[in-house]
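Single-structure report; data block below.
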Amino acid sequence: MSENQSPRSRAAFTFAPSCPFDELQRVHSLDTLRGFALFGVLLMNMQAFADVFATYMNPFAAGDISTLNFASWCVNHVLADTKFITIFSMLFGAGIGLMSERARSNAGRSLGVHVRRMGWLMLFGLLHALLVWTGDILFMYGLVGLIAYGCRRWPSWLQVSIALILFLVPAMMLSQFHRIPEPDLEELREIWNPTIEWIAAERAGILDTWPRQVIRRAEQWTEMLNFLLIFGWRLLACMLLGMAMHRSGVLAARRSKRFYLLMSCAGLGAGLPLAALGIYDHAESNWEMIRSMGLGSLFNYFGSLFAAIGWIGVVMLACREGWFQRLQMRLAAVGRMALTNYLMQSLICTTIFNGHGFGLFGQVNRIAQTAITFAIFALQLWYSPRWLDRFRFGPFEWLWRSLTYWNLQPMRRPANDVVMAPRDVPRSS
């Protein structure tokens, strides 16, 4: 054994030889991190599913709330807000790099496959936004992913350098928030601190019939695209960082234990206090809209990048050291079905809160929202491994792959095609 190896080992997955190429090449740590990130994304999205979006940004938008509910908002803001979507965006970039490598190794036509893949993802996102939930991210991922593909072969140092520059663009825009024309500021003030009538109208729209919800979502979706003007830069930056981390082995849990400990402590140690300082700044300005949406938002804007890196370090360390292996296996299964589980979260939540379902929109406090989040994710942790015991892909992953290659992919696993238990592989010390 070389001096760079240790007698200890980290958990990894191996598959029976009859599995298709993509399954043989799955990276357990990537799947586990994707499943972990999906939980954090749901934790934050739940606030937008359950009540008007203003309450996502401003906990007092719908009036005074209890101390417990405010504490719940603070915990979510510090630990999760923007952190997990940042991780997800990095993973998306890493996935682009990984699939490009596989296409080249198989003599595939990488560009054509990628364009079709992103095109179908954009269509899924459009349908998701119109038919289910306005807060879709898939369309933006597909659009920015088309641009990110051209950066996949850049040297890692260049990817990181350009990513940091891109990351500063929205920050500069937010720092000039007070320069927005007054009519636009008035509209934003109404969203940030809405009147009782505005809230009532928003809730009535969500509680309307499904066909009318679709019409309303179509009107709102074009407004949501305005976020691309600001946060599309950040999205691309995160994808580039993900590509660089994939290439360097960071996302494959191949670095040393010391590396991931430092990554975890430095990331969370810098990111979480910055996010908490942002809440203090909001309170000091009495939650004034221009300050809170402008300069005050920069605390969490920068803090979320550091915290996301810290959370990645925590998960990679767990994968490397083989901690919580059963939970890892379930998270990896959720991550392998990330598209299906993301869409399933929207379908479940809109059924709970919207008018075509149980109509609980605006009636569930933050503590109950958190409980619903854990219940939904527990369900996904339960059914995802069971589904993958029988099928090679999640339903939407199968559809996406079949459309990308314009060829129906094999779905059901043969009787002798069994996912084996984790095995030990050497790792760096």
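All values derive from a computational prediction rather than experimental measurement.
Nearest heavy atoms, Phe299 versus Leu274: CB-O, 3.3 Å. Closest of all the heavy-atom pairs between Pro395 and Met337 is CD-CE, 4.2 Å. Between Trp221 and Ala129, the closest heavy-atom pair is CD1-CB, 3.3 Å. Across all their heavy atoms, Val160 and Ala244 have their closest contact at CG2-CB, 3.7 Å. Of all heavy-atom pairs between Arg152 and Ser100, the closest is NE-OG, 2.9 Å. Here the closest heavy-atom approach between residue Ile191 and residue Met57 is recorded as CG2-CE, 4.0 Å.
Between the side chains of Thr340 and Glu397, at least one donor N or O sits under 3.5 Å from an acceptor N or O. If you check the side chains of Asn354 and Gln213, you find a donor sitting under 3.5 Å from an acceptor. Defined by atom type and a distance below 3.5 Å, a donor-acceptor pair is missing between the side-chain atoms of Asp136 and Tyr141. The closest side-chain donor-acceptor pair between Thr86 and Arg234 falls under 3.5 angstrom.
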Checking side chain to side chain contact (heavy atoms under 4.5 Å, CB included) for the pair Val334/Phe36: CA distance, chi angles, key distance, verdict? CA-CA 8 Å; Val334 171; Phe36 176 70; over 6 Å; no

So Ser110 and Tyr149, side chain to side chain contact (heavy atoms under 4.5 Å, CB included) or not? Walk me through it. CA-CA 10 Å; Ser110 178; Tyr149 179 83; 2.6 Å; yes

The test is side chain to side chain contact (heavy atoms under 4.5 Å, CB included); show your working for Asn76 and Met44 and say whether it passes. CA-CA 7 Å; Asn76 284 351; Met44 294 310 302; 3.9 Å; yes

Apply side chain to side chain contact (heavy atoms under 4.5 Å, CB included) to residues Gln159 and Arg247 and explain how you reach the verdict. CA-CA 11 Å; Gln159 290 174 335; Arg247 183 178 294 170; 3.8 Å; yes

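A donor-acceptor pair is defined here as one N or O able to donate and one able to accept, closer than 3.5 Å; such a pair exists between the side chain of Tyr301 and the backbone of Phe167. At distances below 3.5 Å, not a single donor-acceptor pair connects side-chain atoms of Gln220 with backbone N or O atoms of Ala218. Side-chain atoms of Thr55 come within 3.5 Å of backbone N or O of Val52 as a donor-acceptor pair. The main-chain N or O of Arg366 is found under 3.5 Å from a side-chain atom of Thr370 such that the two form a donor-acceptor pair. The backbone N or O of Leu251 lies less than 3.5 Å from a partner atom in the side chain of Ser29, making a donor-acceptor pair. The main-chain N or O of Gly145 is found under 3.5 Å from a side-chain atom of His114 such that the two form a donor-acceptor pair. A donor-acceptor pair is defined here as one N or O able to donate and one able to accept, closer than 3.5 Å; such a pair exists between the side chain of Lys83 and the backbone of Val78. Trp323 places no side-chain N or O within 3.5 Å of a backbone atom of Val315 that could act as its donor or acceptor partner. In this structure, the side chain of Asn365 engages the main chain of Ala368 through a donor-acceptor pair within 3.5 Å.
How far CZ of Phe306 is from CG of Leu272: 12.0 Å, rounded to the nearest 0.5 Å. Atoms CG and CZ, on Leu403 and Phe124 in that order, are 5.0 Å from each other to the nearest 0.5 Å. With values rounded to the nearest 0.5 angstrom, Cys349 atom SG is found 3.5 Å from Ile376 atom CD1. Atoms CG and CG, on Leu138 and Leu339 in that order, are 6.0 Å from each other to the nearest 0.5 Å. From Met140, atom CE reaches atom CG of Leu121 across 12.5 Å, with rounding to the nearest 0.5 Å. The CG atom of Asn69 sits 11.0 Å away from the SG atom of Cys74 when rounded to the nearest 0.5 Å.
In this structure, Arg34 pairs ionically with Asp31, as a charged nitrogen and a carboxylate oxygen lie closer than 4.0 Å.
Leu33 has its side chain out of reach of Met90: every pair of non-hydrogen atoms, C-beta onward, lies at least 4.5 Å apart. Annotation: side chain of Pro59 is in contact with side chain of Trp287 (closest heavy-atom distance under 4.5 Å). Residues His28 and Gln328 have side chains in contact (heavy-atom distance under 4.5 Å, counting atoms from C-beta outward). Contact annotation: the side chain of Ile352 never approaches that of Val364 to less than 4.5 Å [non-hydrogen atoms, C-beta and beyond]. Two residues are said to be in side-chain contact when any heavy atoms from C-beta on lie closer than 4.5 Å; Ile162 and Cys151 fail this criterion. Counting heavy atoms from C-beta outward, Glu321 and Tyr260 have side chains that stay 4.5 Å or more apart. Looking at Trp73 and Gln47, their side chains come closer than 4.5 Å, going by heavy atoms from C-beta outward. Side-chain contact check for Val27 versus His246: every heavy-atom pair is 4.5 Å or farther apart.
Just one of Ile206, Thr134, Val132 meets the side chain to side chain contact (heavy atoms under 4.5 Å, CB included) condition when paired with Arg217; it is Thr134. Of the listed residues (Leu331, Leu43, Ile372), just one forms a side chain to side chain contact (heavy atoms under 4.5 Å, CB included) with Phe377, and that residue is Leu331.
Taking the six-membered ring where tryptophan is involved, the planes of Trp120 and Trp406 are essentially parallel, since the angle between them stays under 30° and well short of 60°.
Taking the six-membered ring for Trp and the full ring otherwise, Phe39 and Phe84 have centroids separated by 6.0 Å or more. Aromatic ring centres of Trp398 and Trp387: separated by at least 6.0 Å.
Within a 6.0 Å radius of CD in Gln363, more than 12 heavy atoms belonging to other residues, nucleotides or ligands are found. For Phe259, the CZ atom is densely surrounded, since the number of other residues' heavy atoms within 6.0 Å is greater than 12.
Both tests do not hold together for Arg386 against Tyr383: distance to the six-membered ring centre under 6.0 Å, angle to the ring axis within 45°.
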